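The next block holds one structure in the form of structure tokens; read it before the comments.
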Protein chains: 2
Amino acid sequence: MSIARRWSNPDIMKTKETGQMSRPTVHDVARVAKVSLSTVDRVLNGRDGVRATTQERVRAAMKQLGYERDLMAANLSRKRIYDIHFVIPDGPNSFMRNLAAELETHARIALRDRTEITVSLVPPFDGRALAAALRRAKEAGVDGVVMVATESAEVRQAVSELRAAGIQVVTLISDLSASARAHFVGIDNVSAGRTAAGLLGRFCADRRGRIAIVAGSMLVRDHVERRLGFEQVMHAEFPDLDLLPPIEGGDEAARVEALLSDVLRKHDDIIGIYSLGGGNRGLRGALDRAGAVPRPMVVVHELTDQSRVALQDGVFDAVLQQDIHREVASALVIIRSLIEAVPIDARTGLVHIEIFLRDNLP
Amino acid sequence: MSIARRWSNPDIMKTKETGQMSRPTVHDVARVAKVSLSTVDRVLNGRDGVRATTQERVRAAMKQLGYERDLMAANLSRKRIYDIHFVIPDGPNSFMRNLAAELETHARIALRDRTEITVSLVPPFDGRALAAALRRAKEAGVDGVVMVATESAEVRQAVSELRAAGIQVVTLISDLSASARAHFVGIDNVSAGRTAAGLLGRFCADRRGRIAIVAGSMLVRDHVERRLGFEQVMHAEFPDLDLLPPIEGGDEAARVEALLSDVLRKHDDIIGIYSLGGGNRGLRGALDRAGAVPRPMVVVHELTDQSRVALQDGVFDAVLQQDIHREVASALVIIRSLIEAVPIDARTGLVHIEIFLRDNLP
DNA sequence: TTGAAAGCGCTAACAT
DNA sequence: ATGTTAGCGCTTTCAA
């Protein structure tokens, strides 16, 4: 079987000799609607100064011909350059460092797609600083903003202002609830938490004991959601396991190590640990110091040099990971589509979570 | 911190008044090299009829200016349409059916990127038919071919011919070893097998017994590789588990059910099953009929209506899945890049494998 | 071997 | 309210 799809509308057949057809252009529309190019352009771009009846004629011609604007030609003509600004946390952890590096790479290749990328780094977990950065982007008059969100009323307000100024906003990795952001690009964090629980629960088999949770901050939505998903499944499917309240380590190794060491000292029956944020070097440090036997099962997020080694050493059992490179690429595609009001495939934003065991390390 | 990147080569500053810079064009190159546009174009596109010394001048100018050709403008001018042909197996299983549906979707959206998609369906596991389809594509003069490969000398030969004819070939989902294909898009199947083993091994905990493997056909490389990875990890990390030789069910539910029922009857100590191909409806049928207690742990590939329900029912324990939509999208990006000789980011082709437990079903 | 000029599909400045 | 015309950056006749 063979499926072929070509333009097959007789109205637009141009080269009768060859039988070749090509997709309709503004010229075809103008001809059929009996108006000039400019009028077609006005209708096409929603500019005013066109009588309603004429508009109707043009629209009818477009529909009849199945006209679809050639975005590349349009961009060439108007010399459009998409000005996209990223606002990301200046975190001390390797995850955010990695993200910044990703942006460097993308900045280079995005140029080929008429996209210019700029970046601001802001202090992590700081809504005020984030909102300020957003306002600066607005003043700069960029076309779109991609940001790693921190929950805060100020930030929500700034996003609304951007939106009102016609600037598209996409959240990346961590979403902003009840906000005007047009799209979120990242993993489904509730699902990530559920996955972690599904794995950790099964790994702990029939043992009984406590589970420790290590988070970065409950001010970022991804951490809140991971915790939520984790607790959902733990309560529903592994009720024999006792969940300790989360430790907030600020994604910093030193704090994580101090706080977790404390907890491990207090409880000698911790059989599982879920770390849903950064600072896993500290997590490992605490585990090594405690030296519990049998060692607890450990599920963490983000594959870094640290966590990879820990996986190989059998200290960590599973690492959940999101592909930042792909996320940034998706964010760019999506924000350009938003700017051009092109329909967006729902699947574009959802990045799948990867699970690494020591057996499938890349 | 804020990073901004703009063109900043004084040679190409055009509007001195505004201080605005723009990237260099063929005109700039022509001016600097003191030749005409056509000559620049000839050099740019490797056409002959240009004296060596002139060529050198032009190239020097390009380098000096940091010229990079605007692909969109070029495509507009030459009215280029990428003619991409997909060859996929006409399998009876939902996986391939799904793939065909994906292509329908992509055909529609690819038009916007000057890409026209055609599809042929060929009998599965049939190298001869596949090779014939490839030859037909060559005769049709397409720009690129994307295919789900079956291992066969004939196919390898046909791929070489396509390559020789200047037609790019990309393999999708299942690769073709020792062939001239330019790229593979799909999951790392060895890694998928290893992952399956890592999970199944841990799920089987300390139990002893046999593990059954259900494959489609050892003629497709993805199945061979999954088996390889699976056995690697099983032998290395879970030596207490005995692997039975793989059943080849041809990805068909009926055959899988018959063959597996047989095996389950022969062995009453099967504690784990890994199904690395299609036909999982048959797998479930066999399990239901056998009704072993305790039920074996089951890891399968491809999330379908069947496997989703089985997961929810607790009959399957994990489903490994590849995102076909994304794979097709990647294949399109890659083959276009190959056709235009644009550098390809190595990560573009690698699609990550997803793992579903009942806890994280989407 | 080289160059001048027209045109791809669309937009925008400048007429009417 | 509508039309004419000159580009955007590149390719492609057709001349020289």
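Given the structure is predicted, the values throughout are model-derived calculations rather than measurements. Naming: A, B, ... by sequence-line order, numbering from 1 per chain.
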Between L76(A) and S36(B), which is nearer to the 5' end of DNA chain C once each is assigned its nearest nucleotide? S36(B)
Can you check whether V333(B)'s main-chain N or O pairs, donor with acceptor, with S337(B)'s side chain at less than 3.5 Å? yes
If each of K79(A) and L37(B) is mapped to the nucleotide of DNA chain D with the nearest heavy atom, which maps nearer the 5' terminus, i.e. the 5' end? K79(A)
Counting side-chain heavy atoms from C-beta on, which of dC10(C), dT11(D), dT2(C) comes nearest to T54(B)? dT2(C)
Which is true for D70(A) with a 4.0 Å heavy-atom rule: it touches a base, it touches only sugar-phosphate, or it touches nothing? sugar-phosphate
So does T39(B) get a side-chain nitrogen or oxygen closer than 4.0 Å to the phosphate oxygens (OP1/OP2) of dG3(C)? yes
Could you state the CG-P distance from N45(B) to dT12(D), rounded to the nearest angstrom? 7 Å
Treating R181(A) as the side-chain partner and V170(A) as the backbone partner, does any N or O pair qualify as donor plus acceptor under 3.5 Å? no
By the 4.0 Å heavy-atom rule, please label R47(A) as base, sugar-phosphate, or nothing. sugar-phosphate
Is a donor-acceptor pair below 3.5 Å formed from side chain R42(B) to base dG3(C), judging by atom type as modelled? yes
Mind calculating the distance between CZ (R23(B)) and C1' (dG9(D)) to the nearest angstrom? 10 Å
For R69(A) and dT11(C), is the shortest distance between a side-chain N/O and OP1 or OP2 below 4.0 Å? yes
From CD of E56(B) over to P of dT1(C), roughly how many Å is that when rounded to an integer? 16 Å
Is the shortest distance from a Lys or Arg side-chain nitrogen in R112(A) or E68(B) to a carboxylate oxygen in the other one below 4.0 Å? yes
Residues H85(B) and S120(B): side-chain donor-acceptor under 3.5 angstrom: yes
Is V35(A) touching bases, backbone alone, or none of the nucleic acid, heavy atoms closer than 4.0 Å? sugar-phosphate
Could you state the NE2-C1' distance from H27(A) to dA6(D), rounded to the nearest angstrom? 12 Å
Rounded to the nearest angstrom, tell me the gap between atom CG in L44(B) and atom P in dT12(D). 11 Å
Looking at the base of dT4(D), is there any donor atom on it, or on the side chain of S38(A), that sits under 3.5 Å from an acceptor on the other one? yes
Tell me: CG of D48(B) to P of dT2(C), nearest whole Å? 12 Å
Any S77(B) side-chain nitrogen or oxygen under 4.0 Å from OP1 or OP2 of dC8(C): no
dC8(D) phosphate, OP1 or OP2: any side-chain N/O from N75(A) under 4.0 angstrom? no
Which nucleotide in dG9(C), dT2(C), dG9(D) has an atom nearest any side-chain atom of V50(B): dT2(C)
With a 4.0 Å cut-off on heavy atoms, is L71(A) in touch with a base, just the backbone sugar-phosphate, or nothing at all? nothing
If the threshold is 4.0 Å, N to carboxylate O, is there a salt bridge linking D323(B) and R347(A)? no
Taking for each residue the nucleotide of DNA chain C with the nearest heavy atom, is it R51(B) or D41(A) whose nucleotide lies nearer the 5' end? R51(B)
Without decimals, in angstroms, what is the distance between R78(B) CZ and dG9(D) P? 17 Å
Check ion pair R47(B)-D41(B) (N to O, under 4.0 angstrom): yes
